[in-house]
Number of protein chains: 2
Amino acid sequence: MTTAKGTGKGGSRRSAASGRRVRIATWNINSVRIRLEPLGRFVREWKPDILCLQETKVVDPDFPLDAVRSLGFAHHAVRGQKSYNGVAIFSRLPLASPAFEDWCDKGDCRHLSVELPGGVELHNFYVPAGGDIPDPDANPKFDHKLRFVDQMRDWFARRRDSRPRILLGDLNIAPLETDVWSHKQLLKVVSHTPVEVEKLGRMMEAHDWVDAVREVIPPEEKLYSWWSYRSPDWDMADKGRRLDHIWVTPGLKGAIRGAEVARAVRGFEMASDHAPVLVDLELPA
Amino acid sequence: MTTAKGTGKGGSRRSAASGRRVRIATWNINSVRIRLEPLGRFVREWKPDILCLQETKVVDPDFPLDAVRSLGFAHHAVRGQKSYNGVAIFSRLPLASPAFEDWCDKGDCRHLSVELPGGVELHNFYVPAGGDIPDPDANPKFDHKLRFVDQMRDWFARRRDSRPRILLGDLNIAPLETDVWSHKQLLKVVSHTPVEVEKLGRMMEAHDWVDAVREVIPPEEKLYSWWSYRSPDWDMADKGRRLDHIWVTPGLKGAIRGAEVARAVRGFEMASDHAPVLVDLELPA
DNA sequence: GGCCGATCCG
DNA sequence: CGGATCGGCC
């Protein structure tokens, strides 16, 4: 528990409102096959009801479905490719209407959406990292990233309606100054450059997205979800970035009951370089 | 303990003769860096005084010297290269005059010799495996193997003197019918072809070598030191081959006190595909 | 620093 | 099957 309104590691779930209390987690797992042990440990200890993964790095026929299913997820949707990217959604609640878009027409598996009970649309994203050089002319990966975010903005702008939606995943952008260990030193580092942050802001505005995690954990507070493998002593040095996000549409803002970055997971044996991010929502019944 | 005259896993060392009782082990460890745990376990349980390794697969500056030294070996000589081959000798007794030959002038690290107290010369070899096709014209690796053994024969033939010597290592040839799980099925399989077996025999004759292990374990008995990784259930199937050997010059024949293949080591976690081979010798004081 | 796949080698 | 290396990617 890191916040007053935290999600509570396996805590009680008393509900003050009328809906159904649901814990949603997003985690860039950096290869699901090699990470089954820490995944099991995370699920057993944090007990998410819905688990969204990125960078599964496995084609669908090779996905370790049984292992993940046996953690208590009766429902799932997966969408993977060889070597890179790959997204998946596991759920204790029924999932409907799995769908995806091929952003930038590259054939990448970077998006997967499902419908939750109560008509809530959930979108799981893995936004391109963008390479090293923050110049779209010199670096096609950065160009790809910017176009990807623009397309997301347009796509959701065209769907401004009253439908409750959740957008989450590894967006590979840390928007706030408190989302990085040093705003000044990262201004020219891909993930925190002004052009990326601005485009992410436009995307949020285009659909009135609410940053659910920052509704709970004040924007003044430092908060990270990723620490490089290259940093030895990542915990002490704490040179992190908040690249993983959970957003909700305005109608769900009042449903937020807690949020947390499961930082301890970054310290597990065989850890991913990302920590899971969680929110508790009181979903419409 | 597998034989009446076995070496005794950590047993007592009462000496009937005047010399110094020394336990010598040879093991193709198939990467020393990845095998430090089974190596430690083997050394703690079998307590060899001299440990000869092959296929260490590491250049000298990267050799995990401290880890192996801390198992009780105050003296050592190593000779490694990148990726392939590599030999090493560790010892509780002082080692003198490290030396080597570049057999077949390929720059391979396949040989290392030292002098033990009492003037005994110890030669640690990693003979080329020889590829798949047992035809020196069609397969340059097989040609290399045959020339390597020929050069060993000539080299030791030129040194027929009264000096006590030990030759050991992964010779990659199983000479006896009882050294393979099926003599008939392996006659055309590299490691047991007549041409290899004959060349190994000539090498033995050229220096009057005595097969120390077979002095203890009768040649009629099946005995293997290697089981392929590809065979699942290697222990049950037992499709092994005796590729690892310990030979001594005639003057040391009477010094042999025991011999053993540490087959259990092949069943360790993270096992090499070879098991260590050991002899106990009563070395001249 | 670490994961993936490809390639070489036993 | 399982070492080692290398280049791509993060």
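Within every chain, numbering begins at 1; the chains are lettered A, B, ... in the order of the sequence lines, protein sequences first and strands thereafter. Treat the numbers as computed from the prediction; the structure is a model and nothing was measured.
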Residues two or more places apart in sequence or in another chain: which of them pass side chain to side chain contact (heavy atoms under 4.5 Å, CB included) with Tyr84(A)? Gln81(A)

Side chain of Lys141(A) only, please: which of dC10(D), dG10(C), dC4(C) is the nearest? dC10(D)

Return the 5'-most residue of the pair Arg110(B), Tyr84(A) with respect to DNA chain C, ranking by each residue's nearest nucleotide. Tyr84(A)

Round to a whole Å and report the spacing from NZ of Lys57(A) to C1' of dG8(D). 10 Å

Between Ser31(A) and dC4(C), is there a side-chain N or O to OP1/OP2 distance below 4.0 Å? yes

note: Trp227(B), atom CH2; dG2(D), atom P; distance rounded to Å ~ 17 Å

Taking dC3(C), dC4(C), dC6(D) as options, the one with an atom nearest any side-chain atom of Lys82(B) is dC6(D)

Enclosure of Asp132(A) CG (heavy-atom neighbours >12, cutoff 6.0 Å): no

Give the rounded distance in Å between these two atoms: CG of Leu53(B) and P of dG3(D). 16 Å

Any donor-acceptor pair under 3.5 Å joining the side chain of Arg230(A) to the base of dC10(D)? yes

Residues, nucleotides or ligands: over 12 heavy atoms within 6.0 Å of Phe100(B) CZ: no

Closest nucleotide of DNA chain C for Tyr229(A) versus for Pro128(B): which of these residues is on the 5' side? Tyr229(A)

Between Arg33(A) and dG5(C), is there a contact of a side-chain N or O with OP1 or OP2 at under 4.0 Å? yes

Nearest whole angstrom, please: distance from the P of dC8(C) to the CG of Asp132(B). 14 Å

Spacing of Trp226(B) atom CH2 relative to dG2(D) atom P, expressed in whole Å: 13 Å

Around Lys222(A), counting heavy atoms of other residues, nucleotides and ligands shown, do more than 12 lie under 6.0 Å from its NZ? yes

For Met270(B) and dC1(D), what is the distance between atoms CE and P respectively, to the nearest whole Å? 16 Å

Nearest 0.5 Å please: distance from the CH2 atom of Trp155(B) over to the CD atom of Glu101(B). 5.5 Å

Side-chain contact check for Asn172(B): nearest option of dG10(C), dC10(D), dA4(D) is dG10(C)

Over how many whole Å does the gap from Phe63(A) atom CZ to dC4(C) atom C1' extend? 16 Å

Taking dG10(C), dC4(C), dG3(D) as options, the one with an atom nearest any side-chain atom of Tyr126(B) is dG10(C)

Using atom CG of Asn30(A) as one end and atom P of dC4(C) as the other, report the distance to the nearest whole Å. 7 Å

